[in-house]
Enquirer: 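Structure in structure tokens, see below.
Convention: sequence-line order gives letters A, B, ...; per-chain numbering from 1.
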Number of protein chains: 2
Amino acid sequence: MIFIGERINAGFKDVRAAIVNHDGDVIKEWAVKQTAAKADYLEVAIGTASNKPEDLCWMIEMVQSVCDTPISIDINKPVLLKEAIKICKKPPLVNSTTAIEEKMNEIMPIVAEYNASVIGLVMDEEGSPKTVDKRIESAGKIMAKAMDLGITPDRLFLDPIIMPLKFMQDQHKVVMNAVSQFTLFSDPPCHIVCGLTNASNGAVHKKLINRVLVAMLIAHGLDAVILDVLDEELVNTILTADLIMNRSIYADSYLEAFRK
Amino acid sequence: MIFIGERINAGFKDVRAAIVNHDGDVIKEWAVKQTAAKADYLEVAIGTASNKPEDLCWMIEMVQSVCDTPISIDINKPVLLKEAIKICKKPPLVNSTTAIEEKMNEIMPIVAEYNASVIGLVMDEEGSPKTVDKRIESAGKIMAKAMDLGITPDRLFLDPIIMPLKFMQDQHKVVMNAVSQFTLFSDPPCHIVCGLTNASNGAVHKKLINRVLVAMLIAHGLDAVILDVLDEELVNTILTADLIMNRSIYADSYLEAFRK
């Protein structure tokens, strides 16, 4: 499983304040903590806290000053992306493009140029998809563009678009079916990623819903996740699901071994 | 989800002693507790504690003296089954037949006669199956026999045979694929059931493995489970997976509502 640590995101108040005040310690602390918890990528999301490229670059520099975990740049403005990607010491994961032609043409050539990876949200001009077919149609467009630009499947992360359980309960079976289909697109397959937070939006039993949903998605082929990597129960669930999928070798102390 | 409470089983020391000593209170207490925890069936398994039909009948009578939850008779000896099934007040679930012709001919006509349901283990003369195809072959034989005898799909529970994660790690993906296939066999489909205990046999993190595996199997179509229905975390996982599969209607307090 590829763990993408979600925490350095201006959606969290402490990170937003850190960006506004250029308080590097907050950013560094989350970078160190998530790296210690075995994040494979650290998401860096400036959100609406600033639209200045230098602020995003500062965030990335803060992270890179304390760890060498690759960055996941959460940005959809090409202007910011162009500046940020230059200073990444390792090829980053760009979050994200959609299947909209104009968007792909803005984002994906930059991804290709820097040997980066990219998350492709399987949605187009019509907005959030409702069906398996619509998701497959958008995934196909993104895969075709990736191939055109020489972005190999191992650098493409398809995101099937998770909906809130509370409001769109019928969508989760559809998403699972779409994930199963995505695994058949290419050999070797591309990665399949999701953000869990949206699933439990507005729900009371948020953490439980996140844990159960991620196991069910892994059962269909999900192999990357944007998550709170410090949520030990969530990570334990994912490590167990990986074992069940025969992706890691069983040991009685598999949880303890992961954290060593 | 159909919950089959596993606890009245001579494999547990207290139940074994209760059978030997004809101590009805132990049996009654487990019947009441599991019924309160919303078991749909109560497994009654005499195992090797006795081979007398009257002892099995006594167990069932003890259960039926305190609740009207249907019985799951865990027995593969036709002699015992014939006596036990007569005294069941509601049509029981018979656990189990295999796909072996002789076994099916012993067990399934009794099931048909009493309007009971039956668990079909998808294994034959060659023993535990290793592949999806072998499981489907055995499932097909059991389904065909059920149809011949007028046992409708809603009274047939296919068991894909869960292997211990620790010793046969490659089998769980195979089981998931088999479960997916079973759901396509008939419309309406038959039920798909498993016993969870075997999955975590010999493992250290037993409960975690059981929880994660059941969610992953539900994601592929499992709709019945033999379990410790008093394991609240396990039941919460299953209730959440059912919600995600859109089998029950979302409410913020879905866990609390189930237990009211």
Enquirer: Answer with side chain, backbone, both or neither: which region of L243(A) has an atom nearer than 4.5 Å to a non-hydrogen atom of chain B?
Expert: both

Enquirer: Is it the backbone or the side chain of M176(A) that comes under 4.5 Å from a heavy atom of chain B, or both, or neither?
Expert: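 Looking at M176(A), just its side chain touches chain B.
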
Enquirer: Counting C-beta onward and ignoring hydrogens, is there a side-chain heavy-atom pair between H172(B) and N246(A) closer than 4.5 Å?
Expert: no

Enquirer: Would you check if V212(B) and R211(A) make a side-chain contact, meaning some heavy-atom pair closer than 4.5 Å?
Expert: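 They are not in side-chain contact.
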
Enquirer: Please find the pair of heavy atoms, one from I209(B) and one from Y250(A), that lie closest to each other, and give the distance.
Expert: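 Smallest interatomic distance, heavy atoms only, reads CD1-CE1, 4.3 Å.
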
Enquirer: Side chains of H205(A) and T240(B): closer than 4.5 Å at any heavy-atom pair?
Expert: no

Enquirer: Please find the pair of heavy atoms, one from M216(A) and one from A215(B), that lie closest to each other, and give the distance.
Expert: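 Minimum heavy-atom contact is CG-O, 3.3 Å.
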
Enquirer: State, with a plain yes or no, whether a side-chain heavy atom of L208(B) is found less than 4.5 Å away from one of E233(A).
Expert: no

Enquirer: What residue, out of L255(B), L213(B), I218(B), N236(B), has the most heavy-atom pairs lying under 4.5 Å from chain A?
Expert: L255(B)

Enquirer: Heavy-atom count around K173(B) NZ within 6.0 Å, excluding the residue itself: above 12?
Expert: no

Enquirer: What do you reckon, is NZ of K166(B) surrounded by more than 12 foreign heavy atoms closer than 6.0 Å?
Expert: yes

Enquirer: Does a sphere of radius 6.0 Å around CD1 in I249(B) hold more than 12 heavy atoms from other residues, nucleotides or ligands, not counting ones at 6.0 Å or beyond?
Expert: no

